[in-house]
Amino acid sequence: MERIAIYPGTFDPITNGHLDLVCRASRLFHKVIIGIAVNTGKVPLFSLAERISLAKQSTSKHANVDVIGFENLLVDCARQHGATVILRGLRAVSDFEYEFQMAGMNRKLAPELETLFLTPPEQYTFISSSVIKSIAQLHGDISSFVPDVVCQQLIKKFSQV
């Protein structure tokens with residue numbers, strides 16, 4: 001049986017911390033799906049199509065990684081794509097309460113899905129998409145936090161403002 005995991009998020013934009021998790025997960029699963037969510041509670045800097053493109057370019061060296069966008073419930077998306085595991089990253093203790101609550105709700109909605117938490121290496125614990133965007137907006141150096149393609153797109157976005 002093929003083991004498929006889905007890694008959901010808004011990925012606005014994808015960071016080296018996200019990519020570390022994807023790389024490690026790609027060794028554990030036959031297939032890893034990066035599920036880029038449309039979140040009506042957030043106003044993303046990048047459109048859904050841009051986020052998908054950046055994630056695809058950033059993960060192109062991993063043959064078993066796919067990138068999709070989705071607007072429905074995560075559990076429904078996971079089922080549609082045959083995933084049996086939801087991957088989530090935990091950077092700090094502060095992430096745990098929210099992630100634990102979401103894992104419980106997803107288990108209630110889809111008992112056949114497991115949630116697997118992965119923690120990042122120390123050098124990625126402080127990286128978040130929102131912090132990266134703030135640094136980029138103020139023209140700080142973000143090159144060590146995101147793939148080059150993302151760095152270039154952030155510079156382009158903030159030079160247009």
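The figures here come from the full heavy-atom set of this structure, side chains too, leaving out hydrogens, waters and symmetry mates.
- Classification of E112 and R107 as a salt-bridged pair fails, no side-chain N sitting under 4.0 Å from a carboxylate O.
- At least one donor-acceptor pair under 3.5 Å links the side chain of H18 to the backbone N or O of T15.
- Between the R88 side chain and the P8 main chain, a donor and an acceptor come within less than 3.5 Å of each other.
- Both Y124 and L116 are assigned to one and the same hydrophobic cluster, defined by single-linkage of ILVMFWY side chains at heavy-atom distances under 4.5 Å.
- A distance-only check finds no donor-acceptor pair linking the side chain of T125 to the backbone of P121 [under 3.5 Å].
- Contact record, L118 with R24: CB-NH2, 4.1 Å, taken as the closest heavy-atom pair.
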Next item on the list: Begin from the C-alpha positions of V149 and L54 and carry the test side chain to side chain contact (heavy atoms under 4.5 Å, CB included) through to its verdict.
Entry: CA-CA 7 Å; V149 66; L54 290 171; 3.9 Å; yes

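- The environment of F100 atom CZ is sparse: at most 12 non-hydrogen atoms of other residues, nucleotides or ligands sit within 6.0 angstrom.
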Next item on the list: Check step by step if side-chain hydrogen bond (donor to acceptor under 3.5 Å, both in side chains) holds for T10 and D12.
Entry: CA-CA 6 Å; T10 52; D12 186 41; over 6 Å; no

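- In this structure, the side chains of V32 and H62 stay at 4.5 Å or more apart for every pair of heavy atoms.
- At least one donor-acceptor pair closer than 3.5 Å links the side chain of N106 to the backbone N or O of M102.
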Next item on the list: For ring pair (Phe, Tyr, Trp, His ring centres under 6.0 Å), just list the numbers for F158 and H139, CA-CA rounded to whole Å, side-chain angles, deciding distance to a tenth of an Å, and then say yes or no.
Entry: CA-CA 8 Å; F158 289 120; H139 310 292; 7.6 Å; no

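- Connection of I68 to L73 is established within a shared hydrophobic cluster, with ILVMFWY side chains joined at heavy-atom distances below 4.5 Å, either directly or through further cluster members.
- Here the side chains of Q153 and P13 are not in contact, with every heavy-atom distance at 4.5 Å or above.
- Note on ring orientation: taking the six-membered ring where Trp is involved, the planes of F126 and F145 are perpendicular (angle over 60°, cut-offs 30° and 60°).
- Proximity of F70 to Q80: side-chain heavy atoms (C-beta onward) are nowhere separated by under 4.5 Å.
- At distances below 3.5 Å, not a single donor-acceptor pair connects side-chain atoms of R51 with backbone N or O atoms of F11.
- Remark: side-chain polar atoms of H30 are not paired, donor with acceptor, to backbone N or O of E2 under 3.5 angstrom.
- A donor-acceptor pair under 3.5 Å is absent between the side-chain atoms of D66 and the main chain of I34, judged by distance alone.
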Margin query: Test side chain to side chain contact (heavy atoms under 4.5 Å, CB included) on I4 and H81; report intermediate values, then the result.
Written below: CA-CA 8 Å; I4 301 172; H81 293 277; 5.7 Å; no

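- Residues passing the salt bridge (charged side-chain N to carboxylate O under 4.0 Å, His left out) test with E114: none are found, sequence neighbours excluded.
- Distance alone, capped at 3.5 Å, is enough to place a donor-acceptor pair between the D95 side chain and the R91 backbone.
- Under a 3.5 Å cut-off, the side chain of T59 and the backbone N or O of A55 do form a donor-acceptor pair.
- Within the 3.5 Å criterion, the main-chain N or O of P147 finds no donor-acceptor partner in the side chain of S58.
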